[in-house]
Amino acid sequence: MDKMWSGRFSKGASSLLDAFNASIMFDRKLYREDIEGSIAHATMLAKQNILTQEELDSIIKGLNQVKDEIESGEFEWKISDEDLHMGIEKRLTALIGDAGKKLHTARSRNDQVAVDFRRYVLRKNKELVIAIKQVMAVLVQTASNHTQTLLPGMTHLQHAQPINFAFHLLAYVSMFKRDIERFESSYERNNFSPLGCAALAGTPHKIDREYTAELLGFNSVSVNCLDTVSDRDFALEILFNISTMMMHISRLSEELVMWSSYEFKFIELSDEYSTGSSIMPQKKNPDVPELLRGKTGRVYGSLMGLLTVMKGLPLAYNKDTQEDKEGVFDAVETAELSLEILKEALATMDIKVDNMHKACKVGHLSATDLADYLVERCGIPFREAHFITGKAVAKSEELKIDLSDIAYEELHKIDERIQSDVIEKLSIVNSMNARTSQGGTSTQGTLEQLAYFKNYLGVK
Ligand code: ARG
């Protein structure tokens, strides 16, 4: 019976229980946080005269050795140790003897795991912000070259009004900026230390929680211990933040897939980020954006999974909570990989400006401009102008031309208030540039948006 908690048991645990109960095969990812947490805890215990200086020195030396063993691959992770906390403490005690047995004074695995996991999540909130900014920088860079590249703006996936490609890309940059703000605010909200909450109710030992919080880089100390050892909001938040970010990535990916098709051919992904077919020799498939879209579903699954784990738990710690880690690790690693490959795929794709321009010559993209002309130039109420424009669209369809190519005479026949100066209003580029209202697509407006995001990212 080698369990740390075996005192009250008369029979050893079955190996089936060991396999079912253990988290050590996945929570070992938190070994750095765990060792740093233990060093901070021991340092505080020594400051409070709960440990002697010699005991502290020997604990720190021992923990650093354990860390070296883990990093060199020497460390033996044993299912029977249950979790990394006990695995590490056991090895420490084997190395240094009795001082190792004092480390857990005024601490429980409940506050220990809360510290480790919270610090991992806080760190990942920060790292993901950096990775998102790199994707934004590629989008902004690409946008700089395309403020005059026309493409059809769509609603219902139907041609609506002409926009420029930079404007379209900056819509995604806007989404990613909100994602960053979410990661940053989660970081601030959850940046408090659980250490010293012990099992659930605090401890009679004269500890100094402010001190360990400071040593571990937390902003402050949690207020209510019962809440703190039960709280996994920080994990739910990063799952939600990643889910929302992946939803944005997935929408962009959907467009990349569509734009890669022969029906659109607005872009071509580089060979490095495309795949072939095992049977059809001609195929070049957009597996990267497809997988980004697909992985989004998996990340949502982790969010739903943890929300469901948490929903019925009475206070305080319950072992159900151990199910919090794998989903978060998986979502974080998926997000990191996704951002990395999205950045590369975007940076290397070929943008087919001519095809975008050609696509603007179908679908009567400047119809709204004709209606706007009738309002502005002829004083016609918008509803009536809409109707007259509908007639002009029907005429263009009959003539098998785009409205932007219709002759002035045809329009004059439909309504004699229409003058020859209408023609310039119907050109696609003028239509795009006419949208000068704040946040609109005109090249001038797009350049202002570009400047805003460059300033935000600190790039030129
Ligand atoms: N392995 C556990 C987890 O991940 C650590 C906390 C265990 N605490 C307990 N009282 N059993 O949640």
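These numbers were taken from a predicted model, which means no experiment stands behind them. One-based numbering, in listed order, for ligands and for the atoms of each.
Distances below 4.0 Å separate heavy atoms of Ser23 from the following atoms of ligand 1: 1 (N). Under a 4.0 Å criterion applied to the non-hydrogen atoms of Asp83, ligand 1 contributes the atoms 1 (N), 2 (C), 5 (C).
We find that Asp354 and Lys352 are not joined by a salt bridge, their nearest charged nitrogen and carboxylate oxygen being 4.0 Å or further apart.
Of the N or O atoms in Tyr317, one or more lie within a sub-3.5 Å distance of an N or O in ligand 1. In terms of N/O distances under 3.5 Å, ligand 1 is not approached by Thr321. Taking distance alone, with nitrogen or oxygen atoms compared against 3.5 Å, Lys325 approaches ligand 1 more closely than that limit.
Cation-pi check for Lys124 over Phe183 is not met; the charged atom does not lie both under 6.0 angstrom from the ring centroid and within 45 degrees of its normal. By the 6.0 Å and 45° rule, Arg32 does not stack over the aromatic ring of Tyr120.
Side-chain contact of Lys319 with Asn21: a donor-acceptor pair under 3.5 Å is present, judged by distance alone. Using a 3.5 Å distance cut-off with no hydrogens or angles, the side chains of His168 and Glu255 do pair a donor with an acceptor.
Of the listed residues (Arg232, Glu323, Gln322, Arg109), the one carrying the non-hydrogen atom nearest atom 2 (C) of ligand 1 is Gln322. Which of Asp320, Asn110, Val113 comes nearest to atom 9 (C) of ligand 1 through a heavy atom is settled by distance: it is Asn110.
In this pair, Phe329 and Phe117 present their aromatic rings perpendicular. The plane angle is above 60°, beyond the 30 to 60° band.
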